[in-house]
Amino acid sequence: MAQSSTGAVGPGAARDRARHPRGLSTLFFTEMWERFSYYGMRAFLILYMTASTADGGLGFDVKRAGSVYGTYTGSVWLATIGGGLVADRLLGAYRSVLLGGVIIALGHFTLAFKAIPFFYTGLTLIVIGTGLLKPNATTMLGSLYGEQDARRDAGFSIFYMGINLGAFIGPIIAGTLAQRVDWHAGFACAGIGMTIGLVQYVLSRDRLRPAAERAAERPQAAVAGPAGPPPVRADGGATLGFSITEWKRMAAVFVFFVFAALFWAAYEQAASTLNLFVDRHADRTILGWTVPSSWFVSIQAMFVILLAPLFAWLWLWLAPREPSTPAKFAIGLLFAGLSFVLLLPAGAMAQNTEGAKVSSLWLVGAYFLQVIGELCLSPVGNSVVTKLAPARVVGLMMGLWFLSIAAGNKMAGWIAGYSATVPLTTLFSAIAGVTIGAAIVLFLILRPVRRLMSGVH
């Protein structure tokens, strides 16, 4: 490291510390295009399933469409557990991401064909591909930084911006093609987006070498077997290959898992229940032009892009007063619940007046509150899991973390199935009650959870 003649760190070294690894840009664009394809298709998926066959859709009723939607989106995240194991034991992170991207693209192009067998085959391929790509892209990102690297959380925040840039653009482009041109043109557009992401990933693969080298340096001697004995407790007892501290930290990941699942069950209503609500009950006309309902799925991503820098500044400004990770989770759940409290009047107007169209601003306000909650929970959760997980099973633990999103998505689809039969006010009140109640519980157990984290912040 360059130093001045007096021993002080020079400006060049300061710039080096501030500059992020070049591999961050590779992973940023890979994840951006993968999210473009995923969210672009997801924005109109339930609309396609519930559209009549005369309009080119599948003609499913809302309950069946909600079940398929929840199973698909939940399985996408459930598959990340297997993807983490494949990377840890067989392919490594780089090749897992590459293979996953190829399978995702094939899945979207399969959906571009109209026969119903192609529909289920395409969804299955996307599930498998995302399971390989999603956890291992995040694991590689964590490997670009040392555990105590001050740039680590900022790097995850930048990466999170890439996710939401793709999530913002995807529904606008793919959704417009699907709703205004042809449903299957939207599916093909999603496949093209993933293909672009794969091309740049391969062309800039050299930037990821530091991540591979750091991953290779992870300690392996702690694994039971010929390489050496397992870690022991302070009293000398064996702990199945993990130290007491590691067990406590994994228990903390489980706590975060439970509360994150409840958060995502509420948040993921955007592309299911609220997507149908917008399509059927919201006034979407601006200056005589009707906005495609799939565009509203982009609003959450837009708010993330606008608010993420503000939150990054806020955490730095708070410094020692910054809320702990469990406190941020509780705040996230609270805002998710408040978003559905805000929607209660809109739901009442829509259900009490036949044919009534409510202002779209109700949805915009609800999404704003949800994104405040997301920014308190999601990027923090991704970062803390990579810090809490034992090094030799970080891929698996990242997959288990994504399982919370799987559970949330499945619950979201299950809830959406009732949106056509249960009064909207009842549905919104139930979601609000569960999430606000969970926030209160988590506020009450902040100290025990922080003790489980054993010094990780």
Do any N or O atoms from the side chain of T80 and from the backbone of W77 form a donor-acceptor pair under 3.5 angstrom?
yes
Please indicate whether F113 has more than 12 foreign heavy atoms, meaning atoms of other residues, nucleotides or ligands, lying under 6.0 Å from its CZ.
no
Let's go through F263 and F335 carefully: what are the C-alpha distance in whole Å and the side-chain angles of both, what is the deciding distance for ring-ring contact (aromatic ring centres under 6.0 Å, His included) to 0.1 Å, and is it a yes or a no?
CA-CA 10 Å; F263 174 85; F335 274 96; over 10 Å; no
Non-hydrogen side-chain atoms of F296 and L274 separated by less than 4.5 Å
no
If we ignore hydrogens and angles and just use 3.5 Å, is the side chain of R284 paired with the main-chain N or O of V291 as donor and acceptor?
yes
Looking at V97, is its backbone amide N or carbonyl O close enough to the side chain of K134 to form a donor-acceptor pair, meaning the two atoms are under 3.5 Å apart?
no
Test of understanding: with side-chain hydrogen bond (donor to acceptor under 3.5 Å, both in side chains), list the residues that count as partners of D55, not counting sequence neighbours.
S52
Side chains of T273 and F277 in contact at under 4.5 Å (non-hydrogen atoms)
no
D283 backbone acceptor or donor facing S360 side chain under 3.5 Å
yes
Please answer whether the main-chain N or O of T26 pairs with a side-chain N or O of T30 as donor and acceptor at a distance below 3.5 Å.
yes
Interatomic spacing from CZ in F329 to CG in L262 - rounded to 0.5 Å:
11.5 Å
Rounded to the nearest 0.5 Å, what's the gap from CG on N164 to OG on S378? Could you check?
8.0 Å
Can you tell me if S404 uses its side chain to pair, donor with acceptor, with the backbone of A261 under 3.5 Å?
no
Would you confirm whether R95, through its side chain, and L91, through its main-chain N or O, come within 3.5 Å as a donor-acceptor pair?
yes
Separation between CD1 (I415) and CD1 (I431), nearest 0.5 Å, reads 4.5 Å
Taking the side chain as every heavy atom from C-beta outward, state whether L363 and I299 have any pair of such atoms under 4.5 Å apart.
no
Quick check for you: to the nearest 0.5 Å, what is the distance between Q351 atom CD and F428 atom CZ?
9.0 Å
Could you tell me whether the side chain of E374 reaches within less than 4.5 Å of the side chain of F303, counting heavy atoms only?
no
Heavy-atom count around K114 NZ within 6.0 Å, excluding the residue itself: above 12?
no
When you compare the side chain of E34 with that of M194, does any pair of heavy atoms fall below 4.5 Å?
yes
Scanning both residues in full, the closest heavy-atom pair of W295 with P171 reads CD1-O, 4.0 Å
Please step through side-chain contact (heavy atoms from CB on, under 4.5 Å) for the pair Y267 and L377, ending with a clear verdict.
CA-CA 11 Å; Y267 188 89; L377 184 146; over 6 Å; no
Value for CG (L442) from CZ (F259), rounded to nearest 0.5 Å, stands at 4.5 Å
Using every non-hydrogen atom in the two residues, find where A336 and A266 come nearest and quote the distance to one decimal.
CB-CB, 4.4 Å
Counting C-beta onward and ignoring hydrogens, is there a side-chain heavy-atom pair between S293 and F44 closer than 4.5 Å?
no
For the side chain of E31 and the backbone of A137, is there at least one donor-acceptor N/O pair under 3.5 Å apart?
no
Taking atom OH of Y120 as the centre, report whether more than 12 heavy atoms of other residues, nucleotides or ligands fall under 6.0 Å from it.
yes
d(Y69 OH, T50 OG1) to nearest 0.5 Å is 12.5 Å
Taking the six-membered ring for Trp and the single ring otherwise, decide whether the centroids of F29 and W33 are under 6.0 Å apart.
no
What are the two closest heavy atoms between S419 and L276, and how far apart are they?
OG-CD1, 4.2 Å
Short side-chain to backbone donor-acceptor contact, Y201 and Y94, under 3.5 Å
yes
Which pair of non-hydrogen atoms, one from I192 and one from F109, has the smallest distance, and what is that distance?
N-CZ, 3.6 Å
Mind checking whether F36 and I173 have side chains closer than 4.5 Å, heavy atoms only?
yes
Do V341 and I436 have side chains that get closer than 4.5 Å, going by heavy atoms?
yes
Return yes when atom CZ of R180 has more than 12 non-hydrogen atoms of other residues, nucleotides or ligands closer than 6.0 Å, and no otherwise.
yes
Enclosure of W414 CH2 (heavy-atom neighbours >12, cutoff 6.0 Å):
no
Could you work out, with salt bridge (Lys or Arg N to Asp or Glu O under 4.0 Å) as the rule, every residue matching E268, not counting sequence neighbours?
R42
Is it the case that atom CH2 in W317 sees more than 12 heavy atoms from other parts of the structure closer than 6.0 Å?
no
If we ignore hydrogens and angles and just use 3.5 Å, is the side chain of N275 paired with the main-chain N or O of A43 as donor and acceptor?
yes
Dump the intermediate steps for side-chain contact (heavy atoms from CB on, under 4.5 Å) on I372 and F311, then the final yes or no.
CA-CA 9 Å; I372 291 176; F311 271 76; 3.8 Å; yes
Between F119 and H184, does the ring centroid distance fall short of 6.0 Å?
no
